[in-house]
Amino acid sequence: MVTLNTVIDWLRPWEPSAPVIIVCAAAISLYAIGMMRGAKPGFWPALSFFLGMGLMYVVTQTQFDYYSQYLFSAHRFQHLILHHLGPFLVALSMPAAVLAAGLPASVRAWPQGRAAPVFSVLRVLYNGIQQPFLAAFLFVGILYFWLTPSIHFYAMLSLDLYWLMNWTMALDGLLFWWLIFERGRAGVTPRLSPGKRILLLGMIIPPQIALGAYITFSRQNLFDIYDVCGRAFPISPLLDQQIGGLITWIPASMMSVVAAIIVLAFRLEKTHARS
Amino acid sequence: MPGLSHLKRGLLIGSFALVLLLSGCIGGDYATKGVYGLLPDLKFDLVSETGQRITEADLKGSTVVVFFGFTHCPDVCPTAMARLAAALDRVDQSIGEEVNVLFVSVDPGRDSPEMLGRYTDFFSEYIIGATATEPELREMTKRYRATFGFDEPDQFGNYNVSHPSAMYVFDGSSRARAIFRPADTISDMAEDLRRISGS
């Protein structure tokens, strides 16, 4: 029987990370304050935001993280949340206005105040990194980079590199899905046509399928770090790798299809609103 | 602003690590897998095969190879110990630091100190058996990014244990230097042991 103690034990972080806890707590608090100050995101966007943030927290700051570090399949699930589902839900909620409402007025004035030159540079950099084809390249490239066996070995062995890997995955996920779901008042993010968004979503599918299929069907144990450090429980290395490959292949690619349907739904909604 | 300086430091370390990863210059140049700067220093508090307490201070000044295993292991542990014993035979122990091997049993339920003594003596006089309680072992393995787990026992009480296949090599100053993996050759292991111990 699952007791309260079991749940509390499970919720304790395996590797507590102050930056992750601070960023998650700050984002959730700002959003809640923004709502209390009168921002009305609506029920579904608010649910989407809290769910996205909550999922990213759970896979990094509970005992789930233990399994992510000692099973390849759990690691792939963790990155499915950090790079795909979590940022997907956060970006879908378009939280910028609510988060801004939660900030103190003095902080909101920074981009127009003395820090204006810094924000101008950041805007240029952000705009550059959000160029559609570069964003798609980065989205897939970062998957290939961290799944290169020799690089993956060190990323799982060193705690610093492990966090660097998780942060880059989450940030890249946020950038990409933000570009895909950007809507409402024009901001710094390039505004793409629905067709271009769907093209980008289509472009990222084949390389993800190729990578996932390669891992799934490989007869070799590609990621020996999980043998070197030991697995969370006795499981065949190839079975662990095959499950991890399938997670990289199928749900990750499915996210593009779901995103394309949402982009089309937004387009239809806009057409209906006009007519 | 301290927050900003932390951010700058984080970005600097991150960029540096990415450059090192891309250039393949991480961990040091070893015939096996170099891990210099990636893992914490050697630290442990265990019960040795003689029943006495043993800590890193007892092995200070010698090169230490740490292996996490169990004596009922059918394949990985005996193979690893045999390979390590063969590598030790190629190292001149009279020059440089002495090389000791710490065989840490992650199966304290079955591996008593006496049993560990008989097991390690079979392979080499330089191999020391040691163990601790499960929570203490968990703490030690976590320090080296490793873990272990148990299967459900069968009708005879036998069970399988998942454990690291790596051997962690620390120099005389307790710094992590290299990892020996099952695919590494005995001559590569001996070469790195000679290099690290200065023999």
Side-chain angles (χ1 to χ4, degrees), chain A residues 13-20 22-23 26 63 65-71 74 115 118 125 141-142 144-168 171 220-221 223-237 239-240, chain B residues 3-4 6-7 9-18 20-27 32-40 67-70 73 76 80 106 137-138 141-152 159-168 176 179-184:
Chain A
W14 169 250
E15 293 281 3
S17 165
V20 174
I22 291 168
V23 167
Q63 293 294 302
D65 186 39
Y66 167 74
Y67 293 97
S68 306
Q69 293 188 32
Y70 300 112
L71 282 176
V118 177
L125 286 175
I142 203 159
Y144 275 75
F145 177 80
W146 290 118
L147 282 174
T148 303
S150 58
I151 293 172
H152 194 73
F153 185 94
Y154 286 120
M156 297 308 286
L157 189 70
S158 156
L159 193 57
D160 290 339
L161 290 177
Y162 177 71
W163 284 120
L164 179 69
M165 171 176 71
N166 286 345
W167 273 105
T168 52
L171 289 174
Q220 260 184 310
N221 182 8
F223 304 99
D224 67 341
I225 182 67
Y226 299 92
D227 295 313
V228 163
C229 292
R231 285 172 213 266
F233 49 78
I235 179 175
S236 146
L239 177 63
D240 186 26
Chain B
L4 200 64
H6 273 122
L7 183 70
R9 193 170 152 259
L11 285 173
L12 205 68
I13 290 172
S15 319
F16 187 61
L18 280 179
L20 283 176
L21 273 173
L22 283 168
S23 60
C25 296
I26 206 162
T32 59
K33 197 79 170 173
V35 294
Y36 189 68
L38 293 173
L39 287 171
F67 182 79
F68 300 100
F70 65 115
C73 179
V76 178
V106 293
L137 289 166
R138 293 247 170 243
T141 48
K142 185 179 178 182
R143 188 172 164 81
Y144 301 106
R145 310 278 296 143
T147 193
F148 57 95
F150 303 99
D151 245 351
E152 287 298 317
Y159 53 87
N160 196 12
V161 181
S162 61
H163 64 94
S165 63
M167 304 172 215
Y168 297 77
I179 274 182
F180 295 164
R181 296 175 293 176
D184 291 322

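All chains are named by letter (A, B, ...) in the order of the sequence lines, taking the proteins before the strands, and each is independently numbered beginning at 1.
In this structure A/Tyr67 satisfies the ring pair (Phe, Tyr, Trp, His ring centres under 6.0 Å) test with no other residue, sequence neighbours excluded. Residues satisfying the side-chain hydrogen bond (donor to acceptor under 3.5 Å, both in side chains) test with B/Tyr159, not counting sequence neighbours, are B/Asp107, B/Arg110.
Using a distance-only test at 3.5 Å, with no hydrogens or angles considered, a donor-acceptor pair links the side chain of B/Arg138 to the main chain of B/Phe148. A donor-acceptor pair under 3.5 Å links the side-chain atoms of B/Thr141 to the main chain of B/Leu137, judged by distance alone. Using modelled atom types, one side-chain atom of B/Ser162 and one backbone atom of B/Gly149 make a donor-acceptor pair closer than 3.5 Å.
With a 4.5 Å cut-off on non-hydrogen atoms, A/Ile225 does not touch chain B at all. Looking at A/Trp167, neither its backbone nor its side chain comes within 4.5 Å of chain B, counting heavy atoms on both sides. Only the side chain of B/Tyr168 comes within less than 4.5 Å of a heavy atom of chain A; its backbone N, CA, C and O stay farther away. With a 4.5 Å cut-off on non-hydrogen atoms, A/Tyr162 touches chain B through its side chain but not through its backbone. Neither the backbone nor the side chain of B/Val106 comes within contact range of chain A; no heavy atoms are under 4.5 Å apart.
Most heavy-atom pairs under 4.5 Å with chain A: of the set B/Ala183, B/Ala166, B/Ala146, B/Pro182, this distinction falls to B/Ala146.
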